[in-house]
Participant: 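The following block contains the structure, expressed as structure tokens.
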Amino acid sequence: IHVHPDGRAVYVANRNDRTVDYNGQQVWAGGDNTFAVFAINPATGEPTLIQNADTHTIHVRTFAFDPSGCMMVAGSIEDINVRDGDKVVKAPATLSVSKVGADGKLVATGKLADGIAADDGVGLHFIGTRLHRIVASEPRAKAWRVRKSGTRAVETPLKAHKLGAR
């Protein structure tokens with residue numbers, strides 16, 4: 001759950017990665033992978049559902065707004081098999097980008113290029129555009145370099161330095 005930087009809306013990720021058997025393979029069973037967008041009444045604080053927006057991925061793990069509040073980036077963390085007619089194909093973990101309208105509604109703009117993904121509890125320190133250091137406050141928190149390879153996302157683990165460790 002995140003509040004828009006200007007407080008006008010609240011966003012909730014609905015995620016579903018339930019699988020069922022299909023010809024001996026576990027495939028995504030379908031279900032709700034959306035963002036519920038609620039406008040916030042400035043006088044009362046009462047939320048009103050204004051949109052159910054597609055996440056353009058399966059099982060969003062995290063999402064965030066850019067500092068201006070004009071863009072939201074969402075990330076899923078696991079590949080999952082899906083049915084494509086009679087075939088089973090892999091839907092890769094990915095990042096998706098949405099513009100945020102003046103009313104708080106989301107407008108999908110597409111998928112992100114190669115980059116870096118991180119768990120909650122991980123900080124990425126950049127100097128300019130170069131990744132300088134990765135720190136983690138949680139023992140199991142991790143980061144990955146993510147790149148596209150055909151239709152798949154390939155994740156390469158990156159070393160995270162534990163905060164307080166020498």
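Hydrogens, waters and symmetry mates are skipped; everything else that's a heavy atom, side chains included, is used. Predicted model, so just to flag it, every value in this text is computed and none were measured. For reference, positions follow the sequence shown, starting with 1.
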Participant: Distance-only, no hydrogens or angles: does the Thr62 side chain make a donor-acceptor pair with backbone N or O of Gly75 under 3.5 Å?
Facilitator: no

Participant: Can you name the closest pair of heavy atoms from Phe63 and Ala13 and give their distance?
Facilitator: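 Taking Phe63 first and Ala13 second, the nearest heavy atoms are CE2-CB, 3.8 Å.
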
Participant: So how far is it from Arg83 CZ to Gln25 CD, rounded to the nearest 0.5 Å?
Facilitator: 11.0 Å

Participant: Give every residue pair that meets the salt bridge (Lys or Arg N to Asp or Glu O under 4.0 Å) criterion with at least one member in residues 34-60, sequence neighbours excluded.
Facilitator: none

Participant: With a cut-off of 6.0 Å (strictly less than), are more than 12 heavy atoms of other residues, nucleotides or ligands near CZ of Arg130?
Facilitator: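 Yes, because the 6.0 Å sphere around CZ of Arg130 holds more than 12 heavy atoms from other groups.
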
Participant: Using atom types as modelled and distance alone, determine if a side-chain donor or acceptor of His125 lies under 3.5 Å from a backbone N or O of Val135.
Facilitator: no

Participant: How long is the gap from CG on Leu124 to CD1 on Ile116, to the nearest 0.5 Å?
Facilitator: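 Going from CG on Leu124 over to CD1 on Ile116, the span is 6.0 Å.
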
Participant: Considering residues at least two apart in sequence or located in another chain, which fulfil the salt bridge (Lys or Arg N to Asp or Glu O under 4.0 Å) criterion with Asp17?
Facilitator: none

Participant: My understanding is that only residues two or more places apart in sequence, or in another chain, count here; which of them pass salt bridge (Lys or Arg N to Asp or Glu O under 4.0 Å) with Arg15?
Facilitator: none

Participant: Could you give the distance from NZ (Lys142) to CD1 (Ile134), rounded to the nearest 0.5 Å?
Facilitator: 13.0 Å

Participant: Is the number of heavy atoms from other residues, nucleotides or ligands within 6.0 Å of CG (Asp86) greater than 12?
Facilitator: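 Open: at most 12 neighbouring heavy atoms sit under 6.0 Å from CG of Asp86.
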
Participant: Heavy-atom distance under 4.5 Å between the side chains of Met71 and Val97, does that happen here?
Facilitator: yes

Participant: Do Val10 and Leu49 belong to the same hydrophobic cluster, where Ile, Leu, Val, Met, Phe, Trp and Tyr are linked whenever their side-chain heavy atoms lie under 4.5 Å apart, directly or via other members?
Facilitator: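 Cluster IDs for Val10 and Leu49 match.
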
Participant: Of the non-hydrogen atoms in Asp66 and Ser68, which two are nearest, and what is the gap between them?
Facilitator: OD2-OG, 2.5 Å

Participant: For Asp119 and Arg140, work out which heavy atoms get closest and say how close.
Facilitator: OD2-O, 3.9 Å

Participant: Using 0.5 Å steps for rounding, measure from the CD1 atom of Ile77 to the CD1 atom of Ile58.
Facilitator: 13.0 Å

Participant: Any side-chain heavy atom of Val60 within less than 4.5 Å of one from Phe35?
Facilitator: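 Val60 reaches Phe35 side chain to side chain.
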
Participant: Looking only at atom types and distance, does a side-chain atom of Thr34 sit under 3.5 Å from a main-chain N or O of Ala36, one as donor and one as acceptor?
Facilitator: no

Participant: Nearest heavy-atom pair of Ala136 and Ala160: which atoms, and what distance?
Facilitator: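 The pair with the smallest heavy-atom distance is CB-CB, 4.0 Å.
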
Participant: With respect to Ser98, which candidate in Val73, Leu106, Val107, Thr55 satisfies the side chain to side chain contact (heavy atoms under 4.5 Å, CB included) definition?
Facilitator: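 Among Val73, Leu106, Val107, Thr55, the one that satisfies the side chain to side chain contact (heavy atoms under 4.5 Å, CB included) with Ser98 is Leu106.
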
Participant: Is the shortest side-chain heavy-atom distance between Gln26 and Asp21 below 4.5 Å?
Facilitator: yes

Participant: Are Thr19 and Val27 side-chain neighbours, meaning at least one heavy-atom pair lies under 4.5 Å?
Facilitator: no

Participant: Measuring from atom CZ of Phe38 to atom OG1 of Thr48, what distance do you get when rounded to the nearest 0.5 angstrom?
Facilitator: 9.0 Å

Participant: Using atom types as modelled and distance alone, determine if a side-chain donor or acceptor of Asp79 lies under 3.5 Å from a backbone N or O of Ala93.
Facilitator: yes

Participant: With a 4.5 Å cut-off on side-chain heavy-atom distances among I, L, V, M, F, W and Y, is there a chain of contacts connecting Val20 to Trp28?
Facilitator: no

Participant: Would you say Asp32 and Asn52 make side-chain contact, with heavy atoms under 4.5 Å?
Facilitator: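 When only atoms from C-beta onward are counted, Asn52 and Asp32 do not touch, as no gap falls below 4.5 Å.
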
Participant: Are any of the side-chain heavy atoms of His59 and Ile80 separated by less than 4.5 Å?
Facilitator: no

Participant: Quick one: pull up NZ in Lys90 and CG in Asp84 and give me the separation to the nearest 0.5 Å.
Facilitator: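 Spacing of NZ (Lys90) from CG (Asp84) equals 14.5 Å.
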
Participant: Ile1 and Val12: which non-hydrogen atoms are nearest, and at how many Å?
Facilitator: CG1-CG2, 4.0 Å

Participant: Do Val82 and Val88 make a side-chain contact, defined as non-hydrogen atoms from C-beta onward lying under 4.5 Å apart?
Facilitator: no

Participant: Please give me the minimum heavy-atom distance between Tyr11 and Gly104, naming the atom from each residue.
Facilitator: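 Closest approach of Tyr11 to Gly104, heavy atoms only: OH-O, 2.6 Å.
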
Participant: Between Val146 and Leu95, does a side chain to side chain contact (heavy atoms under 4.5 Å, CB included) hold up when you go through it step by step?
Facilitator: CA-CA 10 Å; Val146 182; Leu95 298 173; over 6 Å; no

Participant: Determine whether Arg8 and Val100 make a side-chain contact, defined as any pair of heavy atoms from C-beta on separated by less than 4.5 Å.
Facilitator: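 Answer yes - side chains close enough.
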
